[in-house]
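We count ligands from 1, going down the list as the structure has it; atoms in each ligand are counted the same way.
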Amino acid sequence: MVYTMQDVQEQLSIVSEDIEEYVRENKIKVGKGGTLSTKAYQTLLDFYSAEKNIINEKPVYVLNGNKINVKTKPFFESDNQRVSIFHDDAINFLKKLPPASVDIIITDPAYSGMNQKLKLGSGKIIGKYSDAGQSHAKWFEEFHDTEENYKAFLKECYRVLKNNRHIYIMFDSYSLLTLAPVVRDVFEVKNLLCWDKINIGLGHYFRRRHEFIMFASKGKRPLNSKSIPDVWRIKRVTGSQYPTQKPTEVFELMLKGSAENDFVVCDPFLGSGSSAIAAIKANCKFLGCDISEKAMSFSKERIEQFLITKSDRYQKTSLVSEDDAMIKLFSNGKS
Ligand SMILES: C[S@@+](CC[C@H](N)C(=O)[O-])C[C@H]1O[C@@H](n2cnc3c(N)ncnc32)[C@H](O)[C@@H]1O
C-alpha cells in the first residue's frame with residue numbers, strides 16, 4: 001500500500017511544514033509526489049498521535065471552547081474572549097484551527113488577478129502597486145489566486161467549517177471567472193449574490209458598480225429568512241484609511257441569512273475588521289486573521305472601541321440604500 005504525506009496531514013489535521021520538518025530531521029525516505037512506505041507512514045502517524053495527545057493534555061490556547069495549536073497566540077482578544085484576531089497568512093491560520101470548529105465563513109480575499117489588471121490601468125487608484133506590502137503602502141499584500149493556492153484555501157475552509165453550515169466568499173469579476181468552478185468542486189454553490197454599490201466607480205470597459213458574493217454550503221442548511229433578495233443595494237465606503245474597507249452591512253446581510261446567536265464566525269482576510277463588527281452586532285463570536293500589520297492594528301482599534309462604545313469609528317453611518325426593501329431588512333426583526 002502506498003501512502004502520501006498528504007494522507008498523514010489529513011489523518012491528523014496538522015500543518016504540512018511540521019511533517020516536512022520531522023521527515024527531514026529523522027531522514028525518513030519520501031518518494032516522488034510525497035509517497036511513503038507503510039512503515040514510514042506508521043512512524044509518522046505514531047509520532048504525531050503521541051504528540052497530539054501531549055498537546056491535548058497540556059495547557060494550550062483555548063479559543064471559543066476549542067483548543068488550538070500552542071504556537072498560536074492572538075494579536076488581540078476581547079476581554080469576554082468572544083473576538084480574537086490573528087496576524088497570520090489565511091491558509092496557515094486555518095490549518096491551526098481544529099476540524100469542524102467554525103459555524104460560518106464570511107470573507108473577502110485579496111485577489112491578485114484584479115489588482116494585476118488595475119496595475120495595467122492608471123495604477124493610481126489606491127497608491128503605487130509596486131509598494132504593496134511595505135509599511136507606507138496603500139496597496140496590501142495579495143493572496144495569489146492561482147487555482148492551486150485557491151484549492152488549498154478552500155480545502156482548509158471545508159475542514160474547519162462544521163457540517164450543515166454556510167460560507168460566503170466575495171469575488172470581483174476577474175477572479176470569479178477563474179475561481180468559481182474551484183469553489184463548486186469543494187462546496188455546494190447555492191447562489192451568486194450581487195452587491196450593488198449604487199454609485200459607479202472606475203473602469204475602462206464599463207464602470208464598475210458591483211461585486212459578487214458566492215454563497216455556498218457544506219451539507220444542508222436552510223437560510224434564516226426567505227425575504228432577502230440576491231441583489232444587495234449598499235453604498236461603498238468612501239474616504240477610508242484602509243483600502244478596500246467594505247460596509248459592515250454587506251457582512252450583516254450574510255449573517256442575517258445564516259447565523260445564530262453565539263455562532264463562531266470566521267474571516268481569514270479581515271482587512272479593516274468590517275466582518276468582525278458585523279459578527280459582534282449579530283451576537284456571534286469571531287475569529288479573524290490578516291497577513292498585514294496595518295490590518296491588525298486598524299481592526300484591533302476598531303473592534304476594541306466598538307465593544308466599549310457600540311459605535312463604529314470607521315463607519316459612522318449606515319450605508320444601506322434608501323429603497324424600502326433594503327430599509328426593511330435592516331429595521332430590526334422585520335426581515
Ligand atoms: C479585500 S481586503 C479585505 C477587506 C475587508 N473585507 C474590509 O472590509 O476591510 C483583503 C485583505 O486580505 C489581506 N491578505 C492578503 N493576502 C493575505 C493572506 N495570504 N492571508 C491573509 N490575509 C491576506 C490583505 O492584507 C487585505 O487586508
| So, is Asp267 polar-close to ligand 1, with some N/O to N/O distance under 3.5 Å? | no
| task | Find all atoms of ligand 1 within a distance of less than 4.0 Å from any non-hydrogen atom belonging to Tyr242, and give their numbers and elements. | result | 25 (O), 26 (C), 27 (O)
| request: Check step by step if side-chain contact (heavy atoms from CB on, under 4.5 Å) holds for Ile105 and Val160. | output: CA-CA 9 Å; Ile105 295 174; Val160 301; 4.2 Å; yes
| task | Report the C-alpha separation of Phe187 and Ile169 in whole Å, then their side-chain angles, then the decisive distance to 0.1 Å, and conclude whether the side-chain contact (heavy atoms from CB on, under 4.5 Å) test is met. | result | CA-CA 11 Å; Phe187 290 100; Ile169 311 175; 5.5 Å; no
| remark: Per-atom filter on ligand 1: closer than 4.0 angstrom to a heavy atom of Gln245 are 7 (C), 8 (O), 9 (O)
| message | Is the ring pair Phe215/His166 parallel, tilted or perpendicular, if the boundaries are 30 and 60 degrees? | response | perpendicular
| message | Working to the nearest 0.5 angstrom, can you tell me the gap between Phe212 CZ and Asp172 CG? | response | 10.0 Å
| request: Just let me know how Asp88 lines up against ligand 1, side chain, backbone, both or neither, with a heavy-atom cut-off below 4.0 Å. | output: backbone
| task | Considering the heavy atoms of Thr244, write down every atom of ligand 1 situated less than 4.0 Å from one of them. | result | 1 (C), 2 (S), 4 (C), 7 (C), 8 (O), 9 (O)
| query | Which is it for Gln315 and Glu249 under the side-chain hydrogen bond (donor to acceptor under 3.5 Å, both in side chains) test, yes or no, and what are the steps along the way? | reply | CA-CA 10 Å; Gln315 191 194 316; Glu249 289 90 345; 2.9 Å; yes
| note | The answer for which part of Phe298 has a heavy atom under 4.0 Å from ligand 1 is neither
| message | List the residues meeting ring-ring contact (aromatic ring centres under 6.0 Å, His included) with Phe76, not counting sequence neighbours, and say none if there are none. | response | none
| query | By side chain to side chain contact (heavy atoms under 4.5 Å, CB included), which residues pair with Ser275, not counting sequence neighbours? | reply | Ile106, Phe251, Asp267, Leu270, Phe286
| query | So between Asp290, Asn92, Val237, whose heavy atom ends up nearest atom 11 (C) of ligand 1? | reply | Asp290
| message | If the cut-off is 4.0 Å to any non-hydrogen atom of Ser292, which atoms of ligand 1 fall inside it? | response | 25 (O)
| query | For ligand 1, which atoms sit closer than 4.0 Å to a heavy atom of Ser272? | reply | 7 (C), 8 (O), 9 (O)
| With only distance considered, is Cys289 within less than 3.5 Å of ligand 1 through an N or O on each side? | no
| query | Are a donor atom and an acceptor atom from the side chains of Tyr150 and Ser175 found within less than 3.5 Å of each other? | reply | no
| What about Ile291: any of its N or O atoms under 3.5 Å from an N or O on ligand 1? | yes
| With atoms numbered from 1 as shown, which atoms in ligand 1 lie under 4.0 angstrom from a non-hydrogen atom of Asp89? | 18 (C), 19 (N), 20 (N)
| What residue among Arg165, Arg221, Lys162, Lys285 forms salt bridge (charged side-chain N to carboxylate O under 4.0 Å, His left out) with Glu260? | Arg221
| Going by the atom numbers of ligand 1, which of them fall below 4.0 Å from some non-hydrogen atom of Pro268? | 21 (C), 22 (N)
| request: Verify the distance criterion only: is there a donor paired with an acceptor across the side chains of Thr248 and Glu252 at less than 3.5 Å? | output: yes
| So which bit of Ser275 gets within less than 4.0 Å of ligand 1, heavy atoms only: side chain, backbone, both or neither? | neither
| Just heavy atoms, cut-off under 4.0 Å: does Phe93 contact ligand 1 by side chain, backbone, both, or neither? | neither
| remark: Atoms of ligand 1 under 4.0 Å from any heavy atom of Ala110, numbered from 1 in the order shown, are 10 (C), 12 (O), 15 (C)
